[in-house]
Amino acid sequence: MGVYDLTRSSTRGLIAGLCRPTVVGLENVPPSGGFIVAPNHLSFLDSVLVQALMPRPVAFFAKAEYFTGTGVKGALMRSFFEGVGSIPVQRGQQAASVQALKTLLEMLEAGDGVGIYPEGTRSRDGLLYRGRTGVGWLALTTGAPVVPVGLLGTDRLQPAGSRWIRPQHFTMRIGEPLYFERTGPDHSLPARRQATDTIMDAIAALTGQDRAAGYNKGATE
């Protein structure tokens, strides 16, 4: 068993033992080929939870700082995030955001699973915010199916401002994959917006969250 499989298996066992999550819809994850996982975002831990509980590997971005720490703590964090398949990215820089999408594009074309939060950052008030169109760009450019995911209760695992994780039950609902016509990168902005809105509607149906009118402009991860 490789480091990735061992880390993911160990994390899944720890989550199952401590939180006893309810996971619904695993059969909706495509058995092969590239796919895009699009969850709502309530907790710092969401990426780890999705990566551990999905039947196929899913790569999410994580702050570059998680990979550059020093000392024992830094080494442990770097080992863990690399072990669950996270990809370092510099947040808040336009050039880095563009490169991030290109990285996801390459992974999808290689047949891998990638994760992206349409809301951009965590919802601190529990509302589901308007989706940013990077997920629509990926879906239309590649034609890869988009798997909407609804996370409920993950915010209680590590409440905002808390440094400690508190084991709590949570639910992960995986919706049926959404398919969009592959247009390549040369598609219209309205088409990208429409695809993104369709994805957000599917997430809302899974979570039952109230919708915010605009984008989440809170602090980044």
**OP:** Would you please say whether a donor-acceptor pair under 3.5 Å links the side chains of Thr121 and Asn216?
**Re:** no
Subject >> Gap between atom CD of Glu119 and atom CG of Leu128 - 0.5 Å precision >> reply: 4.5 Å
Subject >> Single-linkage hydrophobic cluster Phe180~Leu108, side-chain heavy atoms < 4.5 angstrom >> reply: yes
Subject >> Rounded distance [0.5 Å steps], CG in Asn28 versus CD1 in Ile174 >> reply: 7.0 Å
Original post:
Under the side-chain contact (heavy atoms from CB on, under 4.5 Å) criterion, do Ile116 and Ile36 qualify, and how do the steps go?
Top reply: CA-CA 7 Å; Ile116 183 171; Ile36 303 164; 3.8 Å; yes
Original post:
What are the two closest heavy atoms between Ala38 and Pro118, and how far apart are they?
Top reply: CB-CG, 4.0 Å
Original post:
How far does CG of Leu189 sit from CH2 of Trp137, to the nearest 0.5 angstrom?
Top reply: 13.0 Å
Subject >> Pairing residues for Arg166 by the salt bridge (Lys or Arg N to Asp or Glu O under 4.0 Å) criterion, not counting sequence neighbours >> reply: none
Original post:
Where is the tightest heavy-atom contact between Val147 and Pro30, given as atom of each residue plus distance?
Top reply: CG2-CD, 3.7 Å
**OP:** Verify, without hydrogens or angle tests, whether Gln158 (side chain) and Ser43 (backbone) share a donor-acceptor contact under 3.5 angstrom.
**Re:** no
Original post:
What pair of heavy atoms forms the shortest contact from Pro185 to Thr141, and how long is it?
Top reply: CA-OG1, 3.7 Å
**OP:** Spell out, yes or no, whether Leu26 and Phe170 are grouped together once hydrophobic residues are joined by side-chain heavy atoms under 4.5 Å, including indirect joins.
**Re:** yes
Original post:
Arg122 side chain to His41 main-chain N or O, any donor-acceptor pair under 3.5 Å?
Top reply: no
Subject >> Hydrophobic cluster identity match, Ile199 and Leu42, side-chain contacts under 4.5 Å >> reply: no
**OP:** List the atom of Arg130, the atom of Ala213, and the distance in Å for their closest heavy-atom pair.
**Re:** CD-O, 4.4 Å
**OP:** State yes or no: do Met172 and Leu152 share one hydrophobic cluster built from I, L, V, M, F, W and Y residues joined by side-chain heavy-atom distances below 4.5 Å, directly or via other members?
**Re:** no
Subject >> Glu181 atom CD, neighbour heavy-atom count above 12 within 6.0 Å >> reply: no
**OP:** Give the other cluster members for Leu127, using side-chain heavy-atom distances under 4.5 Å between Ile, Leu, Val, Met, Phe, Trp and Tyr residues; answer none if it is isolated.
**Re:** Tyr129
Subject >> Donor-acceptor under 3.5 Å (Gln168 side chain, Leu157 main chain) >> reply: no
Original post:
Any link between Leu18 and Ile165 through a network of hydrophobic side chains (Ile, Leu, Val, Met, Phe, Trp, Tyr) touching at under 4.5 Å?
Top reply: no
Subject >> Taking every non-hydrogen atom, the tightest pair across Phe60 and Pro39 >> reply: CZ-CG, 4.0 Å
Original post:
Once you round to the nearest 0.5 Å, how far does CG of Leu138 lie from OG1 of Thr133?
Top reply: 10.0 Å
**OP:** With rounding to the nearest 0.5 Å, note down the distance linking CG in Leu206 to CZ in Arg173.
**Re:** 7.5 Å
Subject >> Gap between atom CD of Gln51 and atom CZ of Arg12 - 0.5 Å precision >> reply: 11.5 Å
Original post:
Considering all heavy atoms of both residues, which atom of Val58 and which atom of Val114 are nearest to each other, and what is their separation?
Top reply: CG1-C, 3.6 Å
**OP:** Using the test salt bridge (Lys or Arg N to Asp or Glu O under 4.0 Å), find all partners of Arg193 that sit at least two apart in sequence or belong to another chain.
**Re:** Asp197
